[in-house]
Amino acid sequence: MSMSYTAPQDLGKYAFFRALRPFSFPVALVTCLIGILLAAQQQWIDPVEAVMVLIGGVLLQAGVNLINDHADIKLLRQQSQDGRRIEAIRRNFRVGMLCFLLAAAIGFHFVIERGLGFLLLCLLGLIGALGYTVSPINYKNRGLGVILVFWLMGVLMIAGSAVALGASISLALALHTLPVSLLVSLLLLSNELRDYETDRRDGLQTLAVKIGYQPAVRIYFGLMAAAYLVVALLMALGLLPGAFWLLLSLPLALKPVGLLQAPAGQRGPLTPATARLLLGFGVLFCVALADPWPLSV
């Protein structure tokens with residue numbers, strides 16, 4: 001009597017490396033680096049502490065990525081999926097929590113250095129990160145992810161990095177956090193647009209699913225345009241004299257814009273292309289902070 005063999009189900013997006021999403025690490029590196037440069041504009045900073053800020057930021061990004069799929073457990077149970085995927089999600093969640101713990105250890109150093117005000121920033125960031133997919137908050141599935149990552153992985157990450165190194169909160173610092181934070185939201189929205197059909201099929205209530213594909217595309221264009229408009233505002237206010245550096249990032253916008261109307265099966269490169277735009281824009285924003293060319297000549 002012959003017996004058939006069924007291969008174990010592929011873990012797909014729940015495999016550890018895919019769940020880790022290393023392509024998104026530039027978000028943490030760029031936002032933290034901007035915070036470091038903003039702090040350096042106010043006072044001398046300790047290079048060792050600057051490196052600690054970068055490590056802490058990457059750990060937070062890794063933690064957010066690894067807990068991102070936790071809400072899918074309920075969906076997989078409803079679909080009677082292979083238990084290996086559920087166990088992979090749980091494993092990723094545990095590693096993500098370890099990343100948060102290591103980041104908290106770094107944060108504790110800065111709490112001692114900067115006081116309880118910085119502790120409040122850390123707690124806001126941690127609660128926001130956990131609430132992304134963990135019930136009962138789970139704002140990813142409430143269509144709020146694009147909005148809240150603007151604050152948590154953008155504004156709060158940049159401002160928190162600067163404050164950790166001794167910077168004072170000011171209107172100028174707050175305005176400097178906006179352009180890259182808008183592109184952080186853009187990156188998450190690109191992920192929702194890429195997965196629109198599958199998320200809709202699976203009943204996930206992302207912003208793109210809630211409002212429809214074409215309205216979400218219009219928000220994509222709006223976020224991208226807003227990032228460059230805020231750069232122009234910063235230059236007009238004399239806060240970013242090197243703003244013309246950011247023009248070099250415009251060619252990086254061509255590929256993701258071209259992919260927005262591609263069929264679902266050809267939309268896979270949208271998120272990596274948006275990530276490259278964010279990275280290029282962020283690096284050039286750092287250059288603009290450090291070098292006021294060409295207005296200084």
Side-chain angles (χ1 to χ4, degrees), residues 13 15 17-37 54 57-62 64-66 68 145-146 149-150 152-155 157-158 161 176-196 199 206-208 213 216-232 234 240 242-291:
K13 69 176 184 178
F17 188 77
R18 290 188 63 181
L20 186 61
R21 298 172 177 88
F23 71 83
S24 69
F25 286 176
V27 174
L29 292 172
V30 165
T31 52
C32 290
L33 184 56
I34 291 172
I36 290 169
L37 290 172
L54 290 171
V58 171
L59 285 169
L60 284 173
Q61 182 73 59
V64 169
N65 291 347
L66 289 169
N68 178 63
V146 172
V149 297
F150 168 82
L152 295 170
M153 299 307 296
V155 172
M157 186 78 87
I158 296 171
S161 299
H176 277 112
T177 69
L178 298 181
V180 169
S181 298
L182 288 164
L183 293 189
V184 171
S185 287
L186 190 77
L187 180 60
L188 180 60
L189 183 58
S190 75
N191 193 69
E192 294 186 4
L193 289 167
R194 182 196 62 187
D195 298 337
Y196 174 77
D199 285 348
T206 63
L207 176 64
Y213 186 83
V217 168
R218 289 193 286 272
I219 292 177
Y220 186 101
F221 282 118
L223 288 170
M224 184 184 296
Y228 287 95
L229 287 173
V230 175
V231 166
L234 289 171
L240 193 66
F244 282 104
W245 279 109
L246 276 299
L247 294 176
L248 297 176
S249 67
L250 285 173
L252 294 173
L254 297 178
K255 183 172 183 179
V257 166
L259 289 167
L260 289 172
Q261 301 303 332
Q266 300 175 22
R267 218 180 293 141
L270 176 60
T271 298
T274 305
R276 286 191 290 273
L277 170 61
L278 189 157
L279 177 60
F281 184 100
V283 169
L284 289 167
F285 192 87
C286 292
V287 173
L289 287 172
D291 184 355

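Considering all non-hydrogen atoms of both residues, T31 and M153 come closest at CG2-O, 3.5 Å. Heavy-atom minimum distance, P269 versus L259: C-CD1, 3.7 Å. A pairwise comparison of heavy atoms in A227 and P179 identifies CB-O, 3.7 Å as the closest pair. Between S249 and L277, the shortest heavy-atom contact is O-CD1, 3.7 Å. Taking each heavy atom of A243 and A288 in turn, the nearest pair found is N-CB, 4.3 Å.
Across L189, L186, L187, a single residue satisfies side-chain contact (heavy atoms from CB on, under 4.5 Å) together with V146, and that is L189.
When the side-chain hydrogen bond (donor to acceptor under 3.5 Å, both in side chains) test is applied to S161, no partner is found at least two apart in sequence or on another chain. Remark: L229 engages no residue in a side-chain contact (heavy atoms from CB on, under 4.5 Å) (not counting sequence neighbours).
With values rounded to the nearest 0.5 angstrom, L270 atom CG is found 5.0 Å from Y220 atom OH. Taken from CG in L246 to CG in L284, the straight-line distance is 6.0 Å, to the nearest 0.5 Å. For the atom pair OG of S181 and CD1 of I34, the computed distance is 8.0 Å after rounding to the nearest 0.5 Å. The distance from the CG atom of L20 to the CD atom of Q61 is 9.5 Å, given to the nearest 0.5 Å. Atom OG1 of T177 sits about 6.0 Å away from atom CZ of F150, to the nearest 0.5 Å. In this structure, NE2 in H176 is found 5.5 Å from CG in L289, a value given to the nearest 0.5 Å.
In this structure, V30 and F281 have side chains that are not in contact, with every pair of non-hydrogen atoms separated by 4.5 Å or more. Counting only heavy atoms from C-beta outward, the side chains of Y228 and L250 approach each other to under 4.5 Å. In this structure the side chain of M157 never reaches within 4.5 angstrom of the side chain of V184, judged on heavy atoms. When side chains are defined from C-beta on, L260 counts as touching L193, because their heavy atoms get closer than 4.5 Å. The shortest side-chain heavy-atom distance between F285 and L183 does not fall under the 4.5 Å cut-off. At least one side-chain heavy atom of L54 sits less than 4.5 Å from a side-chain heavy atom of I36.
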Query - Worked verdict on Q261 versus V217 for side chain to side chain contact (heavy atoms under 4.5 Å, CB included) - result: CA-CA 9 Å; Q261 301 303 332; V217 168; 3.8 Å; yes
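Under the 3.5 Å distance criterion, the side-chain polar atoms of E192 are left unmatched by any main-chain donor or acceptor of T206. In this structure, R21 contributes its side chain and A19 its backbone to a donor-acceptor pair below 3.5 Å.
Within the structure, the salt bridge (charged side-chain N to carboxylate O under 4.0 Å, His left out) test picks out the following pairs touching residues 249-272 (sequence neighbours left out): E197-R267.
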